[in-house]
4 protein chains.
Amino acid sequence: MSPRSKKLSEQMKAESRKAILNASLKLFAKKGYSATTTDEIARKAKVSKGLIFSHFSSKEDILFSIIDENVERWLPIAIDTDENLSPKEKIISLINSMMNLLKTEPDLIRLSLRLNLDESYRKIIEKRGKELMEKFLSRVRNLFKQLGSKNPDLDCYLFMFLFDGISANYTVAPDLFPIEPIKEHFFKVMFTYLKKK
Amino acid sequence: MSPRSKKLSEQMKAESRKAILNASLKLFAKKGYSATTTDEIARKAKVSKGLIFSHFSSKEDILFSIIDENVERWLPIAIDTDENLSPKEKIISLINSMMNLLKTEPDLIRLSLRLNLDESYRKIIEKRGKELMEKFLSRVRNLFKQLGSKNPDLDCYLFMFLFDGISANYTVAPDLFPIEPIKEHFFKVMFTYLKKK
Amino acid sequence: MSPRSKKLSEQMKAESRKAILNASLKLFAKKGYSATTTDEIARKAKVSKGLIFSHFSSKEDILFSIIDENVERWLPIAIDTDENLSPKEKIISLINSMMNLLKTEPDLIRLSLRLNLDESYRKIIEKRGKELMEKFLSRVRNLFKQLGSKNPDLDCYLFMFLFDGISANYTVAPDLFPIEPIKEHFFKVMFTYLKKK
Amino acid sequence: MSPRSKKLSEQMKAESRKAILNASLKLFAKKGYSATTTDEIARKAKVSKGLIFSHFSSKEDILFSIIDENVERWLPIAIDTDENLSPKEKIISLINSMMNLLKTEPDLIRLSLRLNLDESYRKIIEKRGKELMEKFLSRVRNLFKQLGSKNPDLDCYLFMFLFDGISANYTVAPDLFPIEPIKEHFFKVMFTYLKKK
DNA sequence: AATGAATGAGCGTTCATTCAT
DNA sequence: TATGAATGAACGCTCATTCAT
């Protein structure tokens with residue numbers, strides 16, 4: 001009986017950890033953090049209940065880990081990645097990034113929306129994502145300014161609101177709200193408005 | 001000598017019932033249905049825990065009562081009230097109604113947004129508000145058509161999404177997102193877009 | 001507005017008290033003391049919940065009142081009423097009395113059987129009916145002795161057991177166990193047995 | 001390093017389950033189902049309250065499990081086990097079986113008597129034990145027929161009533177009603193009566 | 001005498017968390 | 001690392017009892 005190689009063991013550990021995070025994300029997104037039990041997480045992740053608490057110190061720790069380990073997904077949204085594009089191309093690229101995140105990680109977005117509506121978690125999330133959010137806002141504000149906006153602050157807000165609204169509906173009923181036509185319309189409305197100015 | 005007069009008794013009952021509903025709405029909106037305990041409701045409503053269950057058969061019954069007894073608040077949003085207005089005036093009036101509801105009943109809107117994000121409650125809420133929602137959607141679609149929209153369906157959706165996004169942010173941080181400037185900007189964007197067509 | 005005459009008032013009070021006792025007896029007999037709520041009693045007695053506690057100091061007080069106010073019903077069973085009868089006639093009369101009580105007051109008998117099976121109430125009931133029970137036992141023992149029994153103690157017990165068994169079945173399913181044929185058979189078995197000696 | 005062996009784990013689970021069933025049976029028998037709290041069961045079974053509900057879905061489930069898992073104890077009473085015996089030997093054997101069950105499982109019998117007196121549980125119990133009861137009754141009826149009974153139905157009922165009556169008294173006060181002398185007397189009465197015919 | 005709204009201790013049950021293996 | 005039996009605080013809810021009228 002040779003001991004499991006350290007590498008394999010670590011890989012298994014990482015896998016079970018990932019399974020727990022994935023299961024939790026799905027459940028938190030669909031049922032909410034409070035309504036999700038650790039039993040359900042264990043069942044969905046196909047691990048024992050005990051293992052959850054060897055990976056995470058508490059149920060809340062799972063939630064925070066989900067948040068922390070997914071912050072980087074927002075990076076292409078928050079940070080300008082290609083400086084060679086024109087402002088218009090940049091905003092197209094931004095919207096594409098956002099819609100892409102929505103399409104590939106609907107549960108993450110849904111969970112964000114949930115947490116944002118929550119008195120106690122909102123603040124925590126805000127703190128952990130503050131820097132990113134500020135970067136995002138300043139980036140969008142800047143883009144609108146470059147595109148000739150007279151009120152980049154409000155344009156920026158409305159832009160953000162629209163994305164939140166799309167997310168809130170798409171994540172709960174993707175079949176009812178097909179993302180591609182909505183995205184195309186988003187572009188049309190936005191450029192009609194911006195050109196007018 | 002005699003029992004409490006029927007009128008007084010009924011008034012007392014109605015008052016305590018209202019207190020429970022008010023407290024519950026606030027807590028459900030801010031903490032979520034699952035995270036709110038009946039103890040908290042009782043404390044906030046300044047009644048005993050037992051009284052809650054002499055008014056409502058379960059915690060869920062409180063939630064459903066809140067929904068059912070607030071449906072009529074959506075009426076001015078769902079139903080065209082003044083036929084003498086022009087399409088433009090009508091949409092202004094509609095947005096005013098919506099923003100007004102948001103300003104006067106932020107907790108109700110916040111709760112709706114929460115429930116809409118929830119897998120199990122979404123369906124229940126959907127069923128109870130189906131008729132109203134259909135009326136609202138057909139009304140908005142019609143208005144966009146009258147205003148020359150080439151794609152009233154998508155315009156209607158975007159309109160709805162924008163309102164959801166505004167609501168999601170305003171209800172959690174009214175100080176951060178002042179409703180009046182946002183409303184004005186909403187008008188400006190919308191009419192710029194519509195006129196262009 | 002003349003005050004209600006004292007007599008009428010007292011009569012009303014007695015009536016509501018009786019209604020509570022009747023309703024309680026039925027419910028205690030069928031559902032058991034613990035499983036019966038004061039709400040149910042009030043509903044069945046068609047009085048308010050408050051009135052129950054103006055007549056009785058507690059739920060238990062209702063139970064004890066039922067017991068105390070029905071002790072006299074056992075008198076013809078416990079006490080020899082007609083000294084002119086022969087031993088055989090006496091035992092026939094006794095069985096008739098017992099079967100009659102069973103027929104007219106099945107709920108009272110059923111409640112007694114229940115309380116007798118209960119660890120805590122058994123003792124209380126025993127104390128309150130001790131004198132009566134002793135009179136009954138000595139009476140039956142005596143009768144068996146007069147009828148030539150060689151072991152009046154055990155005959156007396158078996159007699160009592162048989163009545164308990166009949167009661168336990170008749171009170172829960174009177175249609176299944178018709179009392180008259182059972183009584184006739186009871187007589188036959190008993191006299192066959194006694195004659196043999 | 002490794003989780004508790006499957007065998008040990010299953011044994012632990014079976015033991016705690018049995019402890020809960022044993023404690024519940026005792027308490028249900030002595031205090032009644034409604035008057036017994038899950039706290040008491042946990043205390044008596046020396047387990048935590050939570051463990052009860054990992055074994056059973058509800059308090060009622062404990063009750064039904066007790067019933068279902070003890071049905072086989074009635075088998076020697078319901079079913080003729082030795083075909084080589086004479087009718088008289090058979091009835092002696094039957095009574096011995098019954099008295100033996102009473103002596104070894106007084107709480108089970110006491111609980112049966114309680115449930116039989118109960119409006120709602122009677123029906124449930126009846127359904128679950130219907131087959132067995134019918135076998136028992138037809139067996140006893142047959143025996144009485146073979147022993148020359150002119151009315152085996154009523155003889156069978158009286159036999160059953162007598163056993164119920166003995167049970168009702170023995171289970172609550174075994175010291176007051178010594179089972180052996182009572183059994184002997186039961187035999188004497190029965191055979192005196194049967195021979196007479 | 002009578003009402004029923006109101007109370008709160010305590011019920012059955014759930015669930016995050018621990019721990020022996 | 002991994003298990004799942006075990007825990008107990010806290011949950012939703014019930015119910016005997018009180019009290020203003």
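Basis for what follows: all heavy atoms, side chains included, without hydrogens, waters or symmetry-related copies. A, B, ... follow the sequence lines: proteins, then strands. Residue 1 opens every chain.
- The distance between atom CZ of D:R43 and atom P of F:dG8, rounded to the nearest whole Å, is 13 Å.
- Between A:I20 atom CD1 and F:dA2 atom C1' the separation is 10 Å, expressed in whole Å.
- Per the geometry, CE belonging to B:M12 stands 12 Å off C1' belonging to E:dT7, to the nearest Å.
- Here the closest heavy-atom approach between residue D:S58 and residue D:F53 is recorded as CA-CE2, 3.9 Å.
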Walk me through whether D:H55 and D:S65 qualify under side-chain contact (heavy atoms from CB on, under 4.5 Å).
CA-CA 11 Å; D:H55 282 294; D:S65 298; over 6 Å; no

Between D:I66 and D:I62, is a side-chain contact (heavy atoms from CB on, under 4.5 Å) present by the stated rule, with each step listed?
CA-CA 6 Å; D:I66 290 174; D:I62 305 176; 4.2 Å; yes

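- The CZ-C1' distance, from A:F56 to F:dA2, rounds to 15 Å in whole Å.
- Contact annotation: D:H55 side-chain N/O to F:dA6 OP1/OP2 distance is under 4.0 Å.
- In this structure the side chain of C:I124 never reaches within 4.5 angstrom of the side chain of C:I67, judged on heavy atoms.
- With a 6.0 Å cutoff to the six-membered ring centre and a 45° limit on the axis angle, C:R114 does not count as a cation-pi contact of C:F28.
- Ranked by how close their nearest DNA chain E nucleotide is to the 5' end, B:I52 and C:S48 are led by C:S48.
- Within the 3.5 Å criterion, the main-chain N or O of B:K6 finds no donor-acceptor partner in the side chain of B:S9.
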In sequence, state the C-alpha distance, the side-chain angles, and the governing distance for B:T37 and B:L27, and then conclude on side-chain contact (heavy atoms from CB on, under 4.5 Å).
CA-CA 9 Å; B:T37 69; B:L27 290 165; over 6 Å; no

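- Side-chain N/O atoms of B:S16 include one lying less than 4.0 angstrom from OP1 or OP2 on E:dA6.
- Distance CD1 (B:I41) to P (F:dC11): 12 Å, rounded to an integer number of Å.
- Rounded to whole Å, atom P of F:dC15 lies 8 Å from atom CD of C:E40.
- With a 3.5 Å limit on both pairing distances and Watson-Crick or G-U wobble geometry required, the stems of 3 or more pairs in DNA chain E span E:2-21 with F:2-21.
- No side-chain donor-acceptor contact under 3.5 Å links D:K46 to the backbone of D:A19.
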Generate the contact string for nucleotides 15-20 of chain E. Rules: B means base contact, S means sugar-phosphate contact only, - means no protein heavy atom under 4.0 Å.
BBBB-B

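- Taking atom CG of residue B:L8 and atom C1' of nucleotide E:dA2, one finds them 16 Å apart after rounding to whole Å.
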When you look at C:V71 and C:R128, which way does the side-chain contact (heavy atoms from CB on, under 4.5 Å) test go after all the steps?
CA-CA 9 Å; C:V71 167; C:R128 288 175 187 237; 5.8 Å; no

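- A:K46 places its NZ atom 15 Å from the P atom of F:dG4, with the value rounded to the nearest Å.
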